[in-house]
Amino acid sequence: MVFYTFTPMKKLFLALALLLLTGTIFIQCNPEEEKETGKLITNLILSDGTNDYTALHVSFLAEGTVFSLEDASEVTYFFEVPKGITELAIKTLEVSNKASVNKSVGDIITLGTPTKIIVTAENGDIKSYSVTLSTKPATTGKDITAIVITANSTDYTGTISGTNIAFPILPFGTTEASIKSLTVSTNATTDKNVNDAVSVTGDSIVVTAQDNSTQTYTLAISVTPATTGKDITAMVITANDTDYTGTRTGTTVTFPELLNGTTQVTIKTLTLSPNATANKSEGDTLRISGESLIVTAQDKSTQTYTLVILVAPPRIHIPDTNFRNVIITNSAVNNSDVSGTSIRQDALERIKNLKAFHRNITSISGVAFMTSLTYLLAYTNSLTVIDLSANTNLNFLSAHSNSLTNLDVTSNTVLTNLYIGNNSFTNLDVSSNTALTYLSTYSNSLTNLDVSINTALTYLSTYSNYLTNLDVSNNSFLTYLNVKSNSLTSINLNGASSLNRLAVQDNSLTTIDVSNNSSLTFLDLDNNSLTSINLNGASSLNRLDIYNNSLTSINLDGASSLNRLVIFNNSLATLDVSDNTSLTYLAAPYNNLFTFDLNSHTSVTVLVLYNNFLTTINLNGASSLKFLDVSNNDLRNLDVSSNSSMTYLDVRNNSLTSISLSGASSFNSLDVYNNSLTTIDVSNNTSLTFLNVYNNSLTSINLNGALSLNRLDIYNNSLSSIDVSNNTSLTYLHVRNNSSLTCIQTASGQIITHLFRDSGQVLSTSCD
């Protein structure tokens, strides 16, 4: 399209010129005389081969002097072409009728230098046209208006926001993408083009406008991150045509117990986290135990899972009904573990403590499978055999009061407590039981017992066996030893420095040495054949029982802590306890003592010296003495007036002619029958309840202060009078065989429920 810029005057001339060209205005002439004068370019089109171009405008030279296009001396055509085009070719060139022109279609018009086109009219007139090519102003557009990339045969359209272009996230694993289409501003160029590669971690495109300005676009291309999931979400295995579903806890997958005898399992289903893989697949075979499965996440991290696939253990037949009933009530055994007479082996293996005592059990068959057993009570049953060789964790066994003849504990090396008394053992080997602290083997048939290796032993009770000797010199921790009722002729206690209680009664010992047993507090040596004993080092000895032996003397000087001494039925002629100031109980009847001195022994409360040959006894200062039995001796007189705490006195069957009771106000029982007393005064004995003085030679008795007296035996004496009127608590009175007694003085209304008197002896409130 051609644009003209004319003044009004020029427009008038141009219109007239056009009328002339089109023949609208006719001028009469003679054609033979006049030739055509037209020399106009009527149509001019240039082309770059793709696009056609027409003049933007026409400029008339000598403007203001030329009144018509025809008359213009020169016309300039201006063509504006895009930047980069340097030449155009004439596509269309039309001129006035019969005119000629110096250019033809196809001729080249070059940018910058005006090209002259000369049109020659028929009459020879010429008109010069100047054709000028100029470059259009450079465009500034540098926008990307649309972009599509492709990856893995999939197209992804970018969303443009400012200079950022965001694409949908590409699938994980995508390594490359390329530009499928790219649309930019007119005349703009880019540094990347269709089919060019772009990075999947982000890239950019630089757009250059026609004016060479640039704009950089950031391509936000990202790939879905690798998943981190590596979980087993479901797993099922198959064995023996049965499916077992696993339960996952942490990194352990546990399956229900398989049938006993199962040897192979197969993965039936295995479900993992999305995109995760495993080193085993459905259909793979798994071992019964010790199997694992590795799951790899998409990000290549791994997780190892332990597969717990267990086969039901065998069931163990327990033949003894009573023993089976004990087992099935144990807290370690579930109802599902029991089937008839059988119990699952793993249930037996769980049992740690078993109380099977006093159940009339004849067999504990099955105990061998209780490999965790630490504590077994099987006493008071009917067992003849116990096999504990498999119970290596056993530390406590009580099987006393059965019918066992043998027991092998060599495998039970952690055994600490062993109680097997009241059986029929003839031999016991504890040489493997170095942890043993308590051992009880009483009432068996043992002839030998070696505990030299059992240095941890603190308690040993092996009474009522047939031991002839015992050596505990290696047992320095031993505190309790009971070997009574054996056949011991020797015992070695030298190294038993911790020994506290020792019972060796009912043996055949002739001597014993406890001088090195400084911790000993209790020693029972009754019923032996001891002729001597060394107590020099027994400084802690508190109680000594040594009756029924053959001692003729004993040195108690080293026993400074002695509290109780029982030494009756020996052959002691003397007994010196002057250094034993801690004594509270002393019994030495049935010896050969003629005299005894307890002077200043303020702690003694009980003194028993009956059946000796005592003629004198000194009790002065024995202020705590409460019980005194010196019956069946040969005492002539007895003074207990300083023994104010005494409550019981038995001095029957002596030769007493006098007895002093004035200070012994606490008496409640006094027995002095079969003596030679002629008088007795108990008027100060307000607590006295029992008085026996029969078979004496009493001619008088003073009962006035004995207000608590309840029973009085006074027959076979020589009383002529007796006054019990102050003894209102009296219920028993025996006064027979007092030949001169005719009247018994009583209080008014006094009732004596048990009265034994001769005929002629009366009760009266006045016997004067």
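Basis for what follows: all heavy atoms, side chains included, without hydrogens, waters or symmetry-related copies. Computed from a predicted structure; not experimentally measured.
- When every heavy atom of Val200 is checked against every heavy atom of Leu170, the shortest pair comes out as CG1-CD2, 4.2 Å.
- Environment of CZ in Phe396: crowded, with over 12 heavy atoms of neighbouring residues, nucleotides or ligands closer than 6.0 Å.
- Less than 6.0 angstrom separates the ring centroid of Tyr379 from the ring centroid of His400.
- For the side chain to side chain donor-acceptor pair (under 3.5 Å) test with Asp320, the passing option among Asn325, Asn381, Thr341, Thr362 is Thr362; the others fail.
- Side-chain atoms of Ile351 and Ser372, non-hydrogen and from C-beta on, never get closer than 4.5 Å to each other.
- The shortest side-chain heavy-atom distance between Leu520 and Leu493 does not fall under the 4.5 Å cut-off.
- In summary, the side chains of Ser443 and Asn422 do not present any donor paired with an acceptor at a separation below 3.5 Å, with no hydrogens or angles considered.
- You'll find the side chain of Val198 reaches within 4.5 Å of the side chain of Ile179, heavy atoms only.
- In this structure, the side chains of Gln505 and Asp545 stay at 4.5 Å or more apart for every pair of heavy atoms.
- Leu502 places a side-chain heavy atom less than 4.5 Å from the side chain of Ile512.
- The heavy-atom pair separating Ala276 from Leu272 by the smallest distance is O-CD1, 3.7 Å.
- Put simply, the side chain of Glu257 reaches to within 4.5 Å of the side chain of Asp346, judged on heavy atoms.
- Remark: the backbone N or O of Val451 is not paired with any side-chain donor or acceptor of Asn474 at under 3.5 angstrom.
- Counting heavy atoms from C-beta outward, Val295 and Leu293 have side chains that approach closer than 4.5 Å.
- Contacts classified as side chain to side chain donor-acceptor pair (under 3.5 Å) and involving residues 158-168 (residues at least two apart or in different chains) are not found.
- When atom types are taken as modelled, the side chain of Gln210 and the backbone of Thr139 share a donor-acceptor pair closer than 3.5 angstrom.
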Point to revise | Intermediate values then yes/no, side chain to side chain contact (heavy atoms under 4.5 Å, CB included), Ile205 and Asp191 | key: CA-CA 6 Å; Ile205 295 178; Asp191 64 342; 3.6 Å; yes

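- No donor-acceptor pair under 3.5 Å is formed between the side chain of Thr441 and the backbone N or O of Gly421.
- Across every non-hydrogen atom of Tyr156 and Pro168, the tightest pair is CD2-CB, 4.0 Å.
- Judged by distance alone, with hydrogens and angles left aside, the side-chain atoms of Asn406 form no donor-acceptor pair with the main-chain N or O of Asp408 at under 3.5 Å.
- Asn492 places no side-chain N or O within 3.5 Å of a backbone atom of Ser473 that could act as its donor or acceptor partner.
- Listed for the Asn412 side chain is no donor-acceptor partner under 3.5 Å among the backbone atoms of Leu394.
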Point to revise | Audit row: Thr145, Asp143, side-chain hydrogen bond (donor to acceptor under 3.5 Å, both in side chains) steps and yes/no | key: CA-CA 6 Å; Thr145 57; Asp143 295 328; over 6 Å; no

Exercise for review: Could you walk me through whether Thr262 and Asn240 pass side-chain hydrogen bond (donor to acceptor under 3.5 Å, both in side chains), step by step?
Suggested key: CA-CA 7 Å; Thr262 302; Asn240 304 316; 2.8 Å; yes

Exercise for review: Assess whether side-chain hydrogen bond (donor to acceptor under 3.5 Å, both in side chains) is satisfied between Asn402 and Thr384, documenting all intermediate values.
Suggested key: CA-CA 7 Å; Asn402 280 282; Thr384 57; over 6 Å; no

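- Counted within 6.0 Å of CG on Leu377, heavy atoms from surrounding residues, nucleotides or ligands total more than 12; the atom is thus considered enclosed.
- Applying the side chain to side chain donor-acceptor pair (under 3.5 Å) test between Asn500 and each of Thr458, Thr521, Asn542, Thr479 identifies Thr521 as the sole match.
- A cation-pi arrangement is absent between Arg501 and Tyr480 under the rule of less than 6.0 angstrom and at most 45 degrees off the ring axis.
- Between Asp243 and Lys268, at least one side-chain nitrogen of the basic residue sits less than 4.0 Å from a carboxylate oxygen of the acidic one, meeting the salt-bridge criterion.
- Environment of CD in Glu282: crowded, with over 12 heavy atoms of neighbouring residues, nucleotides or ligands closer than 6.0 Å.
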Review point. Can Asn475 and Leu481 be said to form a side chain to side chain contact (heavy atoms under 4.5 Å, CB included), step by step?
Key: CA-CA 11 Å; Asn475 307 105; Leu481 176 59; over 6 Å; no

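- Taking CD1 from Ile237 and OG1 from Thr242, the interatomic distance works out to 10.5 Å, rounded to the nearest 0.5 Å.
- For residues 385-399, the side chain to side chain donor-acceptor pair (under 3.5 Å) pairs, not counting sequence neighbours, are Asp387-Ser389.
- Residues Met235 and Tyr305 have side chains not in contact (no heavy-atom distance under 4.5 Å, counting atoms from C-beta outward).
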Point to revise | Verdict with supporting geometry, Thr150 and Asp155, side-chain hydrogen bond (donor to acceptor under 3.5 Å, both in side chains) | key: CA-CA 4 Å; Thr150 185; Asp155 294 341; 3.3 Å; yes

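- Under a cut-off of 6.0 angstrom, the local environment of OH in Tyr466 is sparse, with at most 12 non-hydrogen atoms contributed by other residues, nucleotides or ligands.
- Classified by interplanar angle (parallel below 30°, tilted 30° to 60°, perpendicular above 60°), the ring pair Tyr459/Tyr419 is tilted.
- Of all heavy-atom pairs between Leu407 and Leu418, the closest is CD2-CD1, 4.2 Å.
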